[in-house]
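Data first, discussion second: the structure below is written as structure tokens.
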Amino acid sequence: MTYSTHSPGRLHWRTRSLLAAFLTVVFAACGNLTAGGFSEAEVSISGDAMDPAIAPATIGRMPRLAAQEDEDDDDDDDDEEAEGELEAYLELFLESEVGERVPLTDSEIEVEVDLQGANEFSTGTRSVPADRYTALYARFTDVEVEIEGGLVVDGQVITGRVDVEFEAEALEVILPVDLRLDDGDRVEFLLDLNAQNWLSSVDPDLQVVAETFFANAIQVRVR
């Protein structure tokens with residue numbers, strides 16, 4: 001019969017020591033997850049902001065179909081823009097390079113802006129982990145416009161309500177960004193809904209716009 005050379009007391013002591021050492025390593029590793037600190041992020045939303053050179057949300061952005069190809073048309077007709085208000089319900093997230101989504105809104109928000117970019121809606125400042133982010137993710141559940149004037153499609157004057165027609169319960173749009181946030185940084189995004197672009201694609205009879213035109217027109221940039 002073989003006996004252990006360690007008494008039960010010494011065995012328990014060694015087990016406790018090993019467990020304590022293991023937990024120390026685990027807690028240290030967990031602490032490193034938040035070692036990067038935190039940054040601040042804000043999103044401003046415009047119905048149709050001015051057009052600096054910014055990247056489109058997706059490849060294959062739809063052209064502004066309302067543009068006239070007839071060179072004999074008056075310049076005033078080319079410059080005419082739709083007037084009215086846009087209302088949208090959406091949630092916003094920042095997406096990290098490993099695919100984790102950090103909320104920029106507590107829940108779904110209601111956004112009301114004009115169609116010509118005179119005013120903007122702000123989500124307010126949110127604290128986000130310092131990290132590298134590769135996309136702004138937007139989930140829309142409703143987008144509608146009240147046209148007061150200025151929209152002419154196929155020679156037909158469009159006024160009243162125009163809806164973006166979703167194929168499913170919600171429309172998810174991923175807008176690429178390339179941003180590294182360090183501890184203490186602050187960033188502001190401008191989410192441009194580019195209403196003048198996709199409103200020109202409205203069906204004059206149904207007064208709806210296909211979600212593809214809407215999604216391909218949205219743009220984002222870092223201010």
Side-chain angles (χ1 to χ4, degrees), residues 42-68 75-92 104-105 108-123 136-168 170-177 188-223:
E42 177 184 0
V43 181
S44 294
I45 303 173
S46 172
D48 200 304
M50 295 181 63
D51 284 332
I54 54 180
T58 59
I59 297 175
R61 174 184 173 190
M62 301 306 297
R64 184 170 297 188
L65 300 184
Q68 300 295 320
D75 290 340
D76 290 342
D77 293 337
D78 293 339
D79 294 337
E80 189 173 11
E81 292 186 332
E83 298 178 2
E85 299 293 325
L86 182 152
E87 183 177 45
Y89 292 84
L90 69 150
E91 294 177 274
L92 291 168
L104 295 177
T105 56
E108 186 176 71
I109 59 174
E110 178 184 4
V111 174
E112 294 183 357
V113 289
D114 71 287
L115 297 179
Q116 296 179 300
N119 70 307
E120 295 179 356
F121 176 95
S122 173
T123 61
L136 180 68
Y137 169 88
R139 182 180 185 274
F140 295 87
T141 58
D142 186 55
V143 178
E144 61 185 59
V145 174
E146 188 67 28
I147 303 295
E148 298 173 358
L151 181 61
V152 180
V153 178
D154 294 335
Q156 184 172 334
V157 177
I158 307 295
T159 58
R161 177 170 168 172
V162 171
D163 291 306
V164 176
E165 188 174 42
F166 293 166
E167 297 178 0
L171 173 65
E172 300 178 349
V173 182
I174 298 175
L175 301 116
V177 300
E188 181 185 356
F189 297 95
L190 174 63
L191 180 62
D192 186 358
L193 300 182
N194 268 325
Q196 301 295 335
N197 186 307
W198 49 267
L199 277 173
S200 59
S201 303
V202 63
D203 183 314
D205 298 320
L206 301 177
Q207 298 210 174
V208 297
V209 176
E211 64 175 27
T212 303
F213 291 100
F214 172 75
N216 283 346
I218 303 173
Q219 298 175 308
V220 66
R221 75 170 183 264
V222 176
R223 281 179 164 170

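Pro176 and Val220 make their closest contact through O-CG1, 4.0 Å (heavy atoms, listed as atom of the first residue, atom of the second, distance). Here the closest non-hydrogen pair linking Gly150 and Glu80 is CA-OE2, 3.5 Å. In terms of heavy-atom proximity, Leu190 sits nearest to Ser46 at CD1-CB, 4.1 Å. The minimum heavy-atom distance between Glu188 and Ser44, with the atom names listed, is OE2-OG, 2.7 Å. Closest non-hydrogen pair, Asp48 versus Leu115, comes out as CB-O, 3.3 Å. Taking both residues in full, the closest heavy atoms of Asp192 and Ala49 are given as OD1-N, 3.0 Å, listed atom of the first, atom of the second, then distance.
Asn119 places a side-chain N or O within donor-acceptor distance of the main-chain N or O of Asp114, the cut-off being under 3.5 Å. Panel note: side chain Asn194, backbone Ala217; a donor-acceptor pair is recorded below 3.5 Å. Looking only at distances, a side-chain donor or acceptor of Gln196 sits under 3.5 Å from a matching main-chain atom of Ala82.
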N/O donor-acceptor pairs under 3.5 Å from side chains in residues 152-167, not counting sequence neighbours:
residue, atom, partner, partner atom, Å
Gln156, NE2, Pro204, O, 3.4
Arg161, NE, Asp163, OD1, 2.9
Arg161, NE, Asp163, OD2, 3.1
Arg161, NH2, Glu144, OE1, 3.1
Arg161, NH2, Asp163, OD1, 3.2

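Thr105 meets the side-chain hydrogen bond (donor to acceptor under 3.5 Å, both in side chains) test with no other residue; sequence neighbours excluded. Legend: residues meeting ring-ring contact (aromatic ring centres under 6.0 Å, His included) with Tyr137, ordered by chain and number and at least two apart, are Phe93. The side chain to side chain contact (heavy atoms under 4.5 Å, CB included) search around Val111 returns Ile45, Leu90, Ile109, Val113, Phe121, not counting sequence neighbours. With sequence neighbours left out, the salt bridge (Lys or Arg N to Asp or Glu O under 4.0 Å) criterion links Glu120 to Arg223. Remark: Glu42 engages Ser122, Arg186 in a side-chain hydrogen bond (donor to acceptor under 3.5 Å, both in side chains) (not counting sequence neighbours).
Taking OG of Ser200 as the reference point, atom CZ of Phe213 lies at 8.5 Å (rounded to 0.5 Å). Of the inter-residue distances, the one linking Asn216 atom CG with Trp198 atom CH2 reads 13.0 Å to the nearest 0.5 angstrom. Rounding to the nearest 0.5 Å gives a distance of 11.5 Å between CD of Glu172 and OG1 of Thr141. Glu81 CD to Leu151 CG: the interatomic distance, rounded to the nearest 0.5 Å, is 11.0 Å. Atoms CG and CD, from Leu193 and Gln219 in turn, are 10.5 Å apart once rounded to the nearest 0.5 Å. The CG atom of Leu199 sits 10.0 Å away from the CZ atom of Phe214 when rounded to the nearest 0.5 Å.
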Is there a side-chain contact (heavy atoms from CB on, under 4.5 Å) between Phe189 and Val177 once you walk through the steps?
CA-CA 10 Å; Phe189 297 95; Val177 300; 4.2 Å; yes
Residues Glu87, Glu146; criterion side-chain contact (heavy atoms from CB on, under 4.5 Å); working and verdict:
CA-CA 8 Å; Glu87 183 177 45; Glu146 188 67 28; over 6 Å; no
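A 4.5 Å side-chain heavy-atom check between Val209 and Val143 finds every atom pair outside the cut-off. Under the 4.5 Å side-chain criterion, counting only non-hydrogen atoms from C-beta, Leu191 is in contact with Leu175. You'll find the side chain of Leu104 reaches within 4.5 Å of the side chain of Leu136, heavy atoms only.
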